Amino acid sequence: MATRIDGKALAAKVKAEVAAEAVKLPRQPGLAVVLVGENPASQVYVRGKEADWAECGMRSFPYRLSTETTQQELLKLIDELNANPEVDGILVQLPLPKPLDEEPVINRIAADKDVDCFHPYNVGKLTIGEPVFRPCTPAGVMEMLEEYHIPVAGKHCVVLGRSNIVGKPMASLLLQQSGTVTICHSKTENLAEITRQADILVSAVGKVNTVTADMVKDGAVIIDVAMNRNAEGKLCGDVDFANVEPKASYITPVPGGCGPMTRAVLMRNILTAAENHLK
Ligand code: GUN
């Protein structure tokens with residue numbers, strides 16, 4: 001039976017460290033959160049983040065914009081936030097509602113305020129191993145692996161999903177720790193054959209029961225990044241937890257695994273941004 005990785009407990013530790021550092025600064029670190037439209041999942045994420053930054057002694061600059069917001073209005077807001085010296089980090093909650101285009105918005109955020117690590121400059125830095133900020137979800141996964149002394153070097157790490165938010169940066173961070181990395185996606189052939197080779201399997205697909213017990217090697221480490229709702233409306237990940245847990249050596253629960261760590265790393269990135277701005 002697998003050990004359950006307690007992301008909630010580790011996140012509490014990280015946030016306490018961040019809070020202890022934040023009070024030493026001459027002013028509160030500030031985060032602007034821009035939420036456009038009414039996406040219910042985004043509203044839940046943002047509410048969670050708001051609780052975290054109060055806990056970490058940070059100042060919030062919340063922007064709730066209507067679905068009617070134009071691309072130009074959004075870019076103008078980003079320009080204002082870039083110029084505001086009290087705003088250390090800018091987070092534009094994704095996905096943006098149609099017809100807004102995400103790419104120009106991400107590109108407009110000043111790289112030194114890009115606490116998500118989505119800007120091409122920061123993604124490039126990450127890829128060559130000189131990160132300014134580490135992307136929140138993948139960095140949270142790496143910290144959980146470290147906390148539980150799970151080795152990555154030389155291990156076959158299989159990442160399911162190739163998104164810019166999780167799959168690609170996850171593969172970068174695993175590779176930096178000398179993992180042997182395979183990225184699988186919707187066009188991958190013989191998926192189960194590949195996942196069965198995984199020593200560490202990270203699933204970031206967003207579909208219930210993507211990872212079933214027959215796809216998992218005995219003793220594998222299972223990291224479930226997804227946040228889905230099952231047929232009964234209950235929060236769950238990609239992994240068939242009840243049947244996979246007995247086969248795995250370590251497994252992250254949903255909720256209580258990757259989610260809290262993502263938010264804790266975000267807090268740390270805001271602190272880093274503030275420290276850099278106050279230098
Ligand atoms: N949407 C889903 N996850 C994230 C995230 O980590 N950051 C932002 N900005 N949007 C998201």
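When a ligand or atom number is given, it counts from 1 through the structure's own listing order. The structure presented is a predicted model; accordingly, all values stated were derived computationally and were not measured.
- A salt bridge links E245 to R4: one of the charged nitrogens lies within less than 4.0 Å of a carboxylate oxygen.
- Salt bridge annotation for D6-K13: absent, with no cationic side-chain nitrogen under 4.0 angstrom from a carboxylate oxygen.
- Near V92, meaning under 4.0 Å from any of its heavy atoms, are these atoms of ligand 1: 8 (C), 9 (N).
- Nearest protein heavy-atom neighbour of atom 10 (N) of ligand 1: L94 N, 3.0 Å.
- With a 4.5 Å cut-off on side-chain heavy atoms, V34 and V105 do not count as touching.
- Heavy-atom proximity to F118, at under 4.0 Å, picks out these atoms of ligand 1: 7 (N), 8 (C), 9 (N).
- Nearest protein heavy-atom neighbour of atom 4 (C) of ligand 1: Q93 NE2, 4.0 Å.
- Using a 4.0 Å heavy-atom cutoff, T137 is absent from the residues neighbouring ligand 1.
- Shown here is K8, whose NZ atom has no more than 12 heavy atoms of other residues, nucleotides or ligands within 6.0 Å.
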Self-check item: side-chain contact (heavy atoms from CB on, under 4.5 Å) assessment of I223 paired with L145
Solution: CA-CA 9 Å; I223 306 289; L145 295 175; 4.0 Å; yes
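- Contacts of D116 with ligand 1, taken as heavy-atom pairs under 4.0 Å, involve the side chain alone.
- V141 and I222 fall into different hydrophobic clusters, where Ile, Leu, Val, Met, Phe, Trp and Tyr side chains are chained together by heavy-atom contacts under 4.5 Å.
- Distances below 4.0 Å separate heavy atoms of L91 from the following atoms of ligand 1: 9 (N).
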